[in-house]
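Order of listing sets the numbers, starting from 1, for every ligand and every atom in it.
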Amino acid sequence: MQYDYELFVIGAGSGGVRAARLAAKAGAKVVIAEQVQVGGTCVLRGCVPKKLLVYGSEFGQAFRDAKGFGWTVDWARFDWSILRDHVQAEVNRLSGLYIKNLDGAGVEVIDDRAIIVDPHTVRFTASGKQITAERILVAAGGHTSRPADIPGQELGITSTDAFTLDALPASIVIAGGGYIALEFANIFSGLGVETTLVYRGERILRGFDHDIRAHVQADMQRTGIHIMCGSTITGIAPLAENRKLVTLSNTMRLETDHVLWAIGREPNTNGMGLEAAGVRLTARGAVAVDEFSRSSAPSIWAIGDVTDRINLTPVAIREAVAFVETEFMGRPTAFDHADVASAVFSRPAVGSVGYTEEQAREKLGKIRVFRTAFRPMKNILAGNEQRTLMKLIVAAESDRVVGVHIAGPESPDLIQLAAIAIKAGLTKAQWDATCAVHPTAAEELVLMGEPISHDNEAPA
Ligand code: NDP
């Protein structure tokens, strides 16, 4: 062989690891480089530890709910260090499993930062060693953004830091109104931290269906989270005992223990030698790729968050599988990015797939909208006011269900199943022909009889 390896993968996150393992199993000689720890964002500082913290944060409400069912749990106490350490132990266990699986597939793992020297050569920054590969796959992921121009921004933390805090703060101010901001606002609030969300827009969760946004915002406020819309943080100054003084664009000032930046993520492309190797970057600094994840350099591909397409773990994995099928199995495959469902693990949680009401009106014109809101059975005895909202968007002409949006307990699990029906293009009549499972919240999805709006009626 002309090169040392057939495939060099940069970044051992969910996408990179899957590509490396599958290519090695297909018979290729593969090496993967990781500069931090095998596992990547999802396993080490994203989805997995976040969901474990969400579970931990839900017990407080569960203990309150339990009273209506005859239980008394007045002795309940929370210890942050126990939850934090258990979560870290679990993510380290998973990282170990990833390494074991790579070894098992015959992939060589190198713990070093890799820089591209030319379209077939990579250099390691610590060892200085250079190796060559027929193909290079960039799966370097992304990192949390910080505002460049806000005085004292360095006093704030990011979601990465939040997992390993020495102590649970008494108060926190979170900047942003997207996935990470909402998930951490509900985690901290659920653990008893006084939580304030500062969001620059009019309503949180931009891009989601308008009813879902209103429902989630109102319910988070009901549970005691302060949400300040239409404002941004303009400065952070240090106070005694590690507290911070936060200044907002609306001239308000808040004293807090921590400020958490949750204002988006950026692709990890800086200083990687990509442009010099002929790889074109987008305006946001992501690797520009075609539907086969090919960059503008013929021997370099990219998958996952570094390409800034849909920044979700399962998407990175499907892009990895498609890459290996195309390049190592002789089956040209492009992952279809349409109708990818997503979930926000807030309280209430959100599950969403397909068009929002606004998108459907714009793209399809005539639509029918079905909506139901109800208090889940469990919450009635519990005396818990949280309600569930479900919405179906139907294309009037074809009767196809083109969007499903749910805010409520278990909605991330429900939306996975709804996504099958959306991807399969099932009609509302087929949803209705499906018999309900009783008593469940999910049964409402097949029991929505009358539309709340027809045609081009404007959303409320
Ligand atoms: P999001 O894009 O979801 O949210 C970013 C938020 O920050 C938005 O509310 C945005 O406002 C706001 N914002 C952006 N720039 C500024 C600024 N300069 N000043 C003030 N506010 C600003 O990003 P996240 O960081 O929450 O998450 C990154 C990505 O990671 C997500 O898009 C998602 O793809 C993925 N993710 C997925 C999760 C899941 O599947 N459950 C969980 C966590 C992350 P505006 O709306 O006005 O643009």
Side-chain angles (χ1 to χ4, degrees), residues 13-15 40-55 141-151 153 156-163 173-187 196-210 212-213 216-217 220 227-236 246-250 259-268 284 286 304-317 319 337 340-353 356 406-407 411-413 415-416 419:
S14 303
T41 300
C42 171
V43 170
L44 302 170
R45 48 190 173 273
C47 324
V48 172
K50 175 276 306 287
K51 184 138 187 207
L52 293 172
L53 291 190
V54 168
Y55 283 135
H143 61 275
T144 43
S145 311
R146 282 174 170 276
D149 49 354
I150 291 177
Q153 68 79 15
I157 60 170
T158 66
S159 52
T160 304
D161 309 312
F163 292 113
V173 173
I174 300 178
Y179 285 85
I180 295 180
L182 262 65
E183 293 179 343
F184 275 95
N186 284 287
I187 287 169
T196 305
L197 198 75
V198 178
Y199 176 52
R200 64 182 178 181
E202 275 177 26
R203 195 172 270 172
I204 58 171
L205 282 182
R206 187 170 63 84
F208 283 77
D209 186 274
H210 68 105
I212 296 289
R213 296 170 68 187
V216 173
Q217 182 160 326
M220 283 173 58
I227 302 183
M228 299 190 177
C229 286
S231 49
T232 53
I233 293 176
T234 52
I236 310 175
V246 181
T247 315
L248 303 186
S249 55
N250 64 6
V259 178
L260 171 66
W261 295 115
I263 57 169
R265 291 175 57 84
E266 293 162 40
N268 284 336
R284 270 185 41 81
D305 289 7
V306 80
T307 64
D308 198 25
R309 285 177 279 183
I310 301 179
N311 298 331
L312 299 173
T313 300
V315 172
I317 290 174
E319 290 165 355
H337 288 82
V340 171
S342 79
V344 188
F345 293 87
S346 46
R347 202 166 31 253
V350 175
S352 180
V353 62
T356 63
I406 310 172
S411 59
D413 288 83
I415 211 68
Q416 176 68 83

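Considering each of Gly176, Ser145, Gly178, Ala148, the one bringing a non-hydrogen atom nearest atom 1 (P) of ligand 1 is Gly178. Among Tyr199, Phe345, Tyr179, Trp261, the residue whose heavy atom lies nearest to atom 38 (C) of ligand 1 is Tyr179. Checking Ile180, Val54, Thr41 against atom 26 (O) of ligand 1, the nearest heavy atom belongs to Ile180.
No donor-acceptor contact under 3.5 angstrom links the side chains of Gln217 and Arg203, judged on distance only.
If you look at Cys47 next to ligand 1, there are no close heavy atoms at all, none under 4.0 Å. No part of Ala175 comes within 4.0 Å of ligand 1, judged by heavy-atom distances.
Scanning both residues, Ser159 and Ile180, for their nearest heavy atoms gives CB-CG2, 3.8 Å. Listed here is the closest heavy atom pair of Val353 and Val340: CG2-C, 4.3 Å. Here the closest heavy-atom approach between residue Ser411 and residue Gly351 is recorded as OG-N, 3.5 Å. Of all heavy-atom pairs spanning Tyr199 and Gly176, the tightest one is CD1-C, 3.9 Å. Taking every heavy atom of both residues into account, Trp261 and Gly156 meet most closely at NE1-CA, 3.8 Å. The shortest non-hydrogen separation linking Lys50 to Ile187 is O-CD1, 3.9 Å.
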Using ring-ring contact (aromatic ring centres under 6.0 Å, His included), reason through Phe163 and Phe184 one step at a time and then give a plain yes or no. CA-CA 10 Å; Phe163 292 113; Phe184 275 95; 5.4 Å; yes
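The ligand atoms of ligand 1 that sit less than 4.0 angstrom from a heavy atom of Lys50 are 41 (N), 42 (C). Within ligand 1, counting atoms from 1 as listed, the ones closer than 4.0 Å to a heavy atom of Ala262 are 5 (C), 6 (C), 7 (O). Atoms of ligand 1 lying under 4.0 Å from at least one heavy atom of Glu183, given by number and element, are 41 (N), 42 (C), 43 (C).
From the protein, the heavy atom lying nearest to atom 23 (O) of ligand 1 is Gly264 CA, 3.5 Å. In terms of protein heavy-atom proximity, atom 40 (O) of ligand 1 is nearest to Leu312 CD2, 3.3 Å. Shortest contact from atom 7 (O) of ligand 1 to any protein heavy atom: Ile263 CA, 3.1 Å. Scanning the protein for heavy atoms near atom 29 (C) of ligand 1, the closest one is Arg265 CD, 4.2 Å. Looking from atom 35 (C) of ligand 1 to the surrounding protein, the closest heavy atom is Asn311 O, 3.4 Å. Annotation: atom 9 (O) of ligand 1 to nearest protein heavy atom, Gly177 N, 2.9 Å. When only non-hydrogen protein atoms are considered, atom 16 (C) of ligand 1 lies nearest to Arg200 NH1, 3.4 Å. At the top of the distance list for atom 48 (O) of ligand 1, counting protein heavy atoms only, stands Arg206 NH2, 2.7 Å.
Using a 4.0 Å cutoff on heavy atoms, Pro147 does not count as a contact of ligand 1. At a 4.0 Å cut-off, at least one heavy atom of Ala343 sits close enough to ligand 1 to count as contact.
Two residues are said to be in side-chain contact when any heavy atoms from C-beta on lie closer than 4.5 Å; Ile263 and Pro147 meet this criterion. Taking 4.5 Å as the limit, some side-chain heavy atom of Leu248 sits within range of a side-chain heavy atom of Ile233.
With hydrogens and angles disregarded, a donor-acceptor distance shorter than 3.5 Å links the side chain of Ser145 to the backbone of Gly264.
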